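Chain identifiers are assigned alphabetically (A, B, ...) following the order of the sequence lines, protein sequences preceding nucleic acid strands; residue numbering begins at 1 within each chain. None of the values given here were measured: they were computed from a predicted structure.
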Amino acid sequence: MTITDTDPGTVLDWGGPLVEGEVVLDDRIPARAPWSAVVRAGHVLTIVDVGGNQSADCLLFSDADRTVRYSVPDTLAWQGNAYVRTGTVLRSQHGTPLATVVANEVERQDTIGGACGKESNTLRYGHHTEHQHGCRENFLAEGARNGLSARDLVSNLNWFMNVPVEADGTLGIVDGISGPGKRVAFRAEVDLLVVISNCPQVNNPCNDFNPTPLRTIVTAPTGGPQ
Amino acid sequence: MRNTSTVSAARDDARAQAGNLAEAMPYLPASSSPFAPTDVDPALLTWAETVAPGGYTSKVVARGTRLRFTDVTGDACANVLLFSALATWERLNVADTQKIPWQAYLGEGHPLLSGDGRVLATIVADTSGRHDAFCGTTSDAWNTRKYGDAAPEGPSPSGRALLTLAAAKQGLGPRDLPPSVSFFQGVRVEADGAFRWLGSAGPAEVELLAELPLTVLVANTAHPLDPRPGFTVGPLRVHAWRSAPTGPDDERFTRTPELHRAYLNTIEHAEARGL
């Protein structure tokens, strides 16, 4: 049994890996749930947006030293651009590469919008949302299983979420530009602990107001490191 | 010729240095600052310091403290991290700071939010308008590539090296350092996402109001996107004084629905703690 708020009748496209090779892990993340796995250096993680416009909030940690973690500002400053696309190197706070986006079926991916949470929901929508589930809760719960705590949570990636920045600095989460079966794939440059929150937000369009499952597939690329 | 050959001679030599002045230094008591704000009663000052180019500082300040950063020459870059001094795992969350006010660019009235739905500080005055919450601060790898050196004792310290030291002075370690914001060197985002360097507005001031007791870390070092090939940073002045946190009588308390609820959360938290 899985907990899911997915509307009956939602089109689901479970897709498949974006990069050929031996499949070493193939998981399904239920709607609203967290997930984590260690992806070995050289292996590629494909994330499938099964139901379309489902935000996959994502944090990365070097498995060898988990104080070395994904850094939004280093990733963005290094490439001189606020959006994540194919070729973006996902960097740590030391500027070192943690992963590289090797394939992407969405025009641009977000890493500005951060994660939702019970407390921030009260600011965004009102105090009636305080007891709804949030990504921060998923990160804390999955983090705890990996020895991580609130001190380890930083700004994250939001695969399949759409956050435009307008000319005057106005920014926000708007209708998605992904769809059922759309995928993104990144290659781990070091052994990588990947933590994903399958976003449970139901107060903005980051999930089309309809949380859906995700699929995560790790492949060892043909001819690549085993 | 200095005589430090005996303990008493060394003591006399050390004591003779008292009263020397440096371009960058703290002023104690704060009311003695030669640069004290003319619009503030000096008796209320709690912190006065000039932070060196390539320098850092840190302080724990009371709820209701006003913090004025002054870019003296137009070349300062104040890289700032804020933590709740009550529980330092509650700290600046740049994503919430941009997302919740629906505005990426920092300016007067902008809240610096924690990830826990509260306002750590409010930007209450700003004569610059050129700040950045996208690019964070520099890493050792960045400054080594750009300037050839990143060490805190060298000519072009990285922001991360400086913030790591500032954090350590407050009992905080690498896990406690999230993305930071910077003041006085602006960046804008083009339609395709590309960053456009705006740089400095010239000498300017920014004032923060502490809405909770705060641990404040400051590194004064070049912005990552500063296009100048040489490490160029000017002095940063800090003055802080006792005041009151934002309350229902302030216009900004209800300026937006998001801000209103953020202040309500912050005041509830402070009052529950007996502050």
Flag the one option from [options] with the top tally of heavy-atom pairs under 4.5 Å to chain B.
options	value
A/Thr122, A/Thr67, A/Val163	A/Thr122
A/Ser92, A/Ala167, A/Gly113	A/Gly113
A/Gly114, A/Gly126, A/Gly95	A/Gly126
A/Cys116, A/Ala115, A/Ser71	A/Ala115
A/Thr96, A/Asn121, A/Asp168	A/Asp168

Counting heavy-atom pairs under 4.5 Å to chain A, which of [options] comes out on top?
options	value
B/Ala141, B/Ala191, B/Ser114	B/Ala141
B/Ala133, B/Pro101, B/Gly173, B/Gly117	B/Gly117
B/Arg91, B/Glu258, B/Arg118	B/Arg91
B/Ser158, B/Pro174, B/Pro257, B/Ala95	B/Ala95

Does a side-chain heavy-atom distance below 4.5 Å link [X] with [Y]?
X	Y	value
B/Leu113	A/Leu123	yes
B/Asn265	A/His127	yes
B/Phe134	A/Ile112	yes
B/Gln103	A/Leu171	no

Heavy-atom count around [X] [atom1] within 6.0 Å, excluding the residue itself: above 12?
X	atom1	answer
B/Trp89	CH2	no
B/Glu268	CD	no
A/His131	NE2	no

Contact origin within [X] toward chain B - heavy atom pairs under 4.5 Å:
X	answer
A/Ser149	both
A/Arg136	side chain
A/Arg66	neither
A/Arg91	neither

With respect to B/Pro179, which candidate in A/Leu76, A/Asp74, A/Val154 satisfies the side-chain contact (heavy atoms from CB on, under 4.5 Å) definition?
-> A/Val154

side-chain hydrogen bond (donor to acceptor under 3.5 Å, both in side chains) partners for A/Lys118, two or more places apart =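 side-chain hydrogen bond (donor to acceptor under 3.5 Å, both in side chains) check on A/Lys118 returns nothing, list empty.
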
Of all heavy-atom pairs linking A/Trp78 and B/Arg145, the shortest is NE1-NH1, 3.8 Å

